[in-house]
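Computed from a predicted structure; not experimentally measured. All residue numbers refer to positions in the sequence shown, counting from 1.
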Amino acid sequence: MKKYMMAGVAGILAGTLISTQFAGPLLAQEAEKTSNVYEQLDLFGDVFERIRAQYVEEVDSEDLIEAAIDGMLSSLDPHSSYLSPQDAADMRVQTSGSFGGLGIEVTQEEGFVKVVAPMDGTPADIAGIEAGDFITAVDGQSVLGMTLDETVEMMRGPVGSEIVITVVREGVDDPFDVSIIRDTIKLTAVRSRVEGNSIVLRVTTFNDQTYPNLESGLKEGVEELGGIDNVDGIIVDLRNNPGGLLDQAIKVSDAFLDEGEIVSTRGRSPEESTRVNATEGDLAQGKPIVVLINGGSASASEIVSGALQDHHRAVVVGTKSFGKGSVQTVMPLRSDGAMRLTTARYYTPSGRSIQALGISPDIIVEQPPRQPVAEEAEETPKFRSEADLRGALDNDSLTEDERAKIEEERAAAEEAAKLRDEDFQLAYAIDLLKGLSKIGD
């Protein structure tokens, strides 16, 4: 007991000595830092006044201050920025599901604007903009050296007006121009459809409508197939989904999980860290799930795919995701403006940070480039079977109902095969679910 007491005392004494030795220098360092901050603020004030007094043209003081704030935030990382009152209002409208623009999610990389993903059915999508494209100029004006917000502002304009953006694309030798007509973007967060005996949930964004759309779309698909027993499985298509609201990503993940962690966030201090767990209830009722991702799947999409992958609740198929593993908090400021500040990193249930790494699929499936249709395509030769041979014996072991069932299954398989030419990754996912359902039977 005495040894423990001595060890404790020795520790206290050592701590006291260290405090005594370093308290003075630490206080001096803090005073010096504070002094440096005030000197820098004085420098900012000097520059601000010189610009107001001596710049070749008269400038607006508010614009200067906003530009300084934006520069300070954008110097931190590609996702922190200042939102003017108009930008803040636009963002609130966007997360509710309707806004004006081109329909692309962008980030900044190497001084240029990079397309994270075009949104389904929007002007940018229809014009052929692809995830990974670099926008180097807008209406002939180079965006090199501009902030992301400045470039986005250039791309805004009245609905119905034309914009020409210059695009650099991997695999294409020269930059090329794309003409787009601006429009009001009305997003349906989740589109559902039935393919064979699989339900496809195409999640285009994470806004206030996402979970309600997903829940109702899944219900409609189950009803269309005549009940959950007739469902092979669920495909959650997150390709080219640039993300959105964190709480919606959590709800979508929770929709297919009964228990366990969904996501954790870790901020600068331990108090700012959070951990979110799933609640009981699986909308898919245990049916197999395939999640489709690609290089345009970012942020909230990666939270969902990472959670379902780590819990072995879904097979993730496609190509590596974008790799945005940080959380932005929107903080209201004076005059109805706001700032978007990166406040935490998020981690998948296994403790993985996907920042700059992305989610790696369980099965890598590339989407082949679409080939031009030949004007005179040669007809695929038809191979003869036993039934084509003259005098072949009939199959007398099948009833008419059994024969009809086989023909129905064959027709369904041929229909599924046609999808491979349109969307190879989706067709692969459907085939995988069909195989998994057979094993389950």
Side-chain angles (χ1 to χ4, degrees), residues 63 66-67 70-84 86-87 90-91 94 99-183 185 204-205 239-243 294-299 301 319-324 326 328 340 342 355-356 358 366-367 369-370:
D63 290 344
E66 286 188 0
D70 189 42
M72 178 168 53
L73 287 165
S74 60
S75 70
L76 300 173
D77 63 78
H79 308 294
S80 295
S81 63
Y82 171 72
L83 300 173
S84 67
Q86 182 60 50
D87 292 339
D90 289 345
M91 188 201 67
Q94 179 173 341
F99 57 97
L102 305 181
I104 49 175
E105 180 80 9
V106 293
T107 187
Q108 196 158 36
E109 188 173 301
E110 298 177 1
F112 293 107
V113 173
K114 184 178 182 179
V115 177
V116 175
M119 300 170 186
D120 286 359
T122 60
D125 182 40
I126 294 168
I129 298 300
E130 298 180 359
D133 284 348
F134 282 91
I135 298 172
T136 60
V138 175
D139 288 331
Q141 182 177 346
S142 173
V143 301
L144 184 63
M146 291 186 179
T147 66
L148 184 62
D149 285 343
E150 287 172 340
T151 307
V152 170
E153 188 62 34
M154 287 178 65
M155 290 191 284
R156 290 190 176 127
V159 170
S161 60
E162 182 185 20
I163 179 175
V164 178
I165 60 176
T166 304
V167 172
V168 172
R169 179 175 296 167
E170 185 177 357
V172 179
D173 293 337
D174 299 317
F176 57 94
D177 290 340
V178 179
S179 174
I180 306 175
I181 304 299
R182 297 179 178 96
D183 200 357
I185 311 301
T204 58
T205 187
R239 291 174 297 174
N240 293 332
N241 182 321
N294 64 5
S297 306
S299 192
S301 299
T319 55
K320 186 173 73 70
S321 64
F322 185 76
K324 179 182 177 291
S326 59
Q328 283 68 48
R340 184 169 45 208
T342 299
Q355 175 60 30
E366 299 278 354
Q367 186 82 305
R370 292 189 179 184

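At least one donor-acceptor pair closer than 3.5 Å links the side chain of Thr122 to the backbone N or O of Gly103. Here the side chain of Thr204 pairs no donor or acceptor atom with the backbone of Met119 at under 3.5 angstrom. Remark: the backbone N or O of Val115 is not paired with any side-chain donor or acceptor of Glu130 at under 3.5 angstrom. In this structure, the side chain of Asp139 engages the main chain of Val164 through a donor-acceptor pair within 3.5 Å. Side-chain atoms of Asp70 do not come within 3.5 Å of backbone N or O of Glu66 as any donor-acceptor pair. The closest donor-acceptor contact from the side chain of Ser301 to the backbone of Asn241 lies under 3.5 Å.
Glu162 CD: more than 12 foreign heavy atoms inside a 6.0 Å radius.
One finds no salt bridge joining Asp77 and Lys324 here, because no Lys/Arg side-chain nitrogen approaches an Asp/Glu carboxylate oxygen to under 4.0 Å.
Considering all non-hydrogen atoms of both residues, Ile126 and Gly121 come closest at CD1-O, 3.7 Å. Shortest non-hydrogen contact noted between Arg182 and Met154 is NH2-O, 3.6 Å. Gly296 and Ala131 get closest at one heavy-atom pair: CA-CB, 4.0 Å.
Contacts of Ser74 classified as side-chain hydrogen bond (donor to acceptor under 3.5 Å, both in side chains), with partners at least two apart in sequence or in another chain: none.
A donor-acceptor pair shorter than 3.5 Å cannot be found between the side chains of Thr136 and Thr166.
Interatomic distance, CD1 of Ile129 versus CD1 of Ile180, reported as 4.5 Å (0.5 Å rounding).
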